[in-house]
Amino acid sequence: MINDDTALAAFAALAQETRLAIYRLLVGHGTAGLAAGEIAAGLGVPATTLSFHLAHLRQAGLIRQRRDSRSLIYSIDIDRMNAVIGFLNNHCCGGQPELCRPMTKEKTDEPAQRRRKVV
C-alpha cells in the first residue's frame, strides 16, 4: 500500500509526455525490460534526454535498473504499478470494488497519429 506522497510522486513522474511514453513502452516489455539504447531508438529520444527522464521514473519508484554486461536494462516495477492502481481504486464505487477491476484492452483508443513506433 502506498501513501499520498508516493502516489503523487508517481503521478508527477508520469505527467510528462516523454516519461509517459517511456513507461508505456516498458510496460509492454514487462519484467524483461529494455536496454537504454533500445528505449532511445524506439522513441527517438536523445540519450541525455532519456537519462534525465529515466532518473525521474526511477526516483518515483516506477521503474528498475539493472546491469547486463555493458548495458543498463530498465523495466517496470510491477509491485509499485499495482500499488498505484490500488491507491486509485482504494475507495472505489461506494463499496462495489468489482466495478473498478483493472481492465485491459487489446487495442488502444488513441488516434493513429498519436501512436509512436516502439521496439
Side-chain angles (χ1 to χ4, degrees):
M1 191 64 107
I2 63 174
N3 62 30
D4 288 2
D5 291 336
T6 54
L8 285 170
F11 298 136
L14 294 172
Q16 196 282 334
E17 184 178 4
T18 301
R19 288 192 291 272
L20 182 59
I22 292 166
Y23 192 74
R24 291 186 71 201
L25 175 62
L26 290 175
V27 165
H29 289 272
T31 57
L34 286 173
E38 292 174 299
I39 298 168
L43 297 176
V45 176
T48 54
T49 302
L50 180 68
S51 294
F52 172 80
H53 291 300
L54 289 169
H56 276 281
L57 292 167
R58 283 186 65 213
Q59 185 175 4
L62 293 170
I63 63 171
R64 295 180 178 181
Q65 173 189 316
R66 70 180 187 279
R67 183 168 290 282
D68 183 8
S69 186
R70 293 183 174 191
S71 297
L72 291 176
I73 307 297
Y74 294 89
S75 61
I76 60 168
D77 183 327
I78 291 177
D79 292 333
R80 178 59 64 99
M81 180 179 74
N82 287 330
V84 170
I85 292 168
F87 176 86
L88 290 173
N89 290 334
N90 192 32
H91 300 289
C92 180
C93 301
Q96 297 177 337
E98 67 278 3
L99 298 175
C100 296
R101 71 178 181 272
M103 296 183 187
T104 58
K105 295 181 182 181
E106 290 184 25
K107 294 183 179 180
T108 181
D109 292 332
E110 290 181 64
Q113 67 272 17
R114 294 275 300 157
R115 292 185 199 142
R116 294 183 174 182
K117 184 178 179 188
V118 294
V119 286

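None of these values were measured; they are calculated from a predicted model.
Taking CD1 of Ile22 as the start and CD1 of Ile63 as the end, the distance is 7.5 Å to the nearest 0.5 Å. Atoms CD1 and CZ, from Ile73 and Arg67 in turn, are 9.5 Å apart once rounded to the nearest 0.5 Å. A distance of 11.5 Å separates CD1 in Ile76 from CG in Leu57, rounded to the nearest 0.5 Å. A distance of 5.5 Å separates CG in Leu34 from CD1 in Ile39, rounded to the nearest 0.5 Å. In this structure, CG in Leu43 is found 10.5 Å from NE2 in His53, a value given to the nearest 0.5 Å.
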Show me the donor-acceptor pairs within less than 3.5 Å that the side chains of residues 4-15 make with the rest of the protein, sequence neighbours left out.
| residue | atom | partner | partner atom | Å |
| --- | --- | --- | --- | --- |
| Thr6 | OG1 | Asn3 | N | 3.1 |
| Thr6 | OG1 | Asn3 | O | 3.1 |
| Thr6 | OG1 | Asn3 | OD1 | 3.2 |

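Classification of the His56-Phe52 ring pair by plane angle, with boundaries at 30° and 60°, yields perpendicular.
Applying the ring-ring contact (aromatic ring centres under 6.0 Å, His included) test to residues at least two apart or on different chains, none of the pairs has a partner in residues 59-82.
A donor-acceptor pair under 3.5 Å is absent between the side-chain atoms of Arg66 and the main chain of Ser75, judged by distance alone.
Nearest approach of Ala83 to Ile2, heavy atoms of both residues: CB-CG2, 3.6 Å.
Qualifying salt bridge (charged side-chain N to carboxylate O under 4.0 Å, His left out) partners for Arg64, counting only residues two or more places apart in sequence or in other chains: Asp77.
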Exercise. For Val27 and Met81, what are the C-alpha separation, side-chain angles and deciding distance, and is it a side chain to side chain contact (heavy atoms under 4.5 Å, CB included)?
Worked result: CA-CA 10 Å; Val27 165; Met81 180 179 74; 4.2 Å; yes
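Within 6.0 Å of CD in Gln65 there are more than 12 heavy atoms belonging to other residues, nucleotides or ligands.
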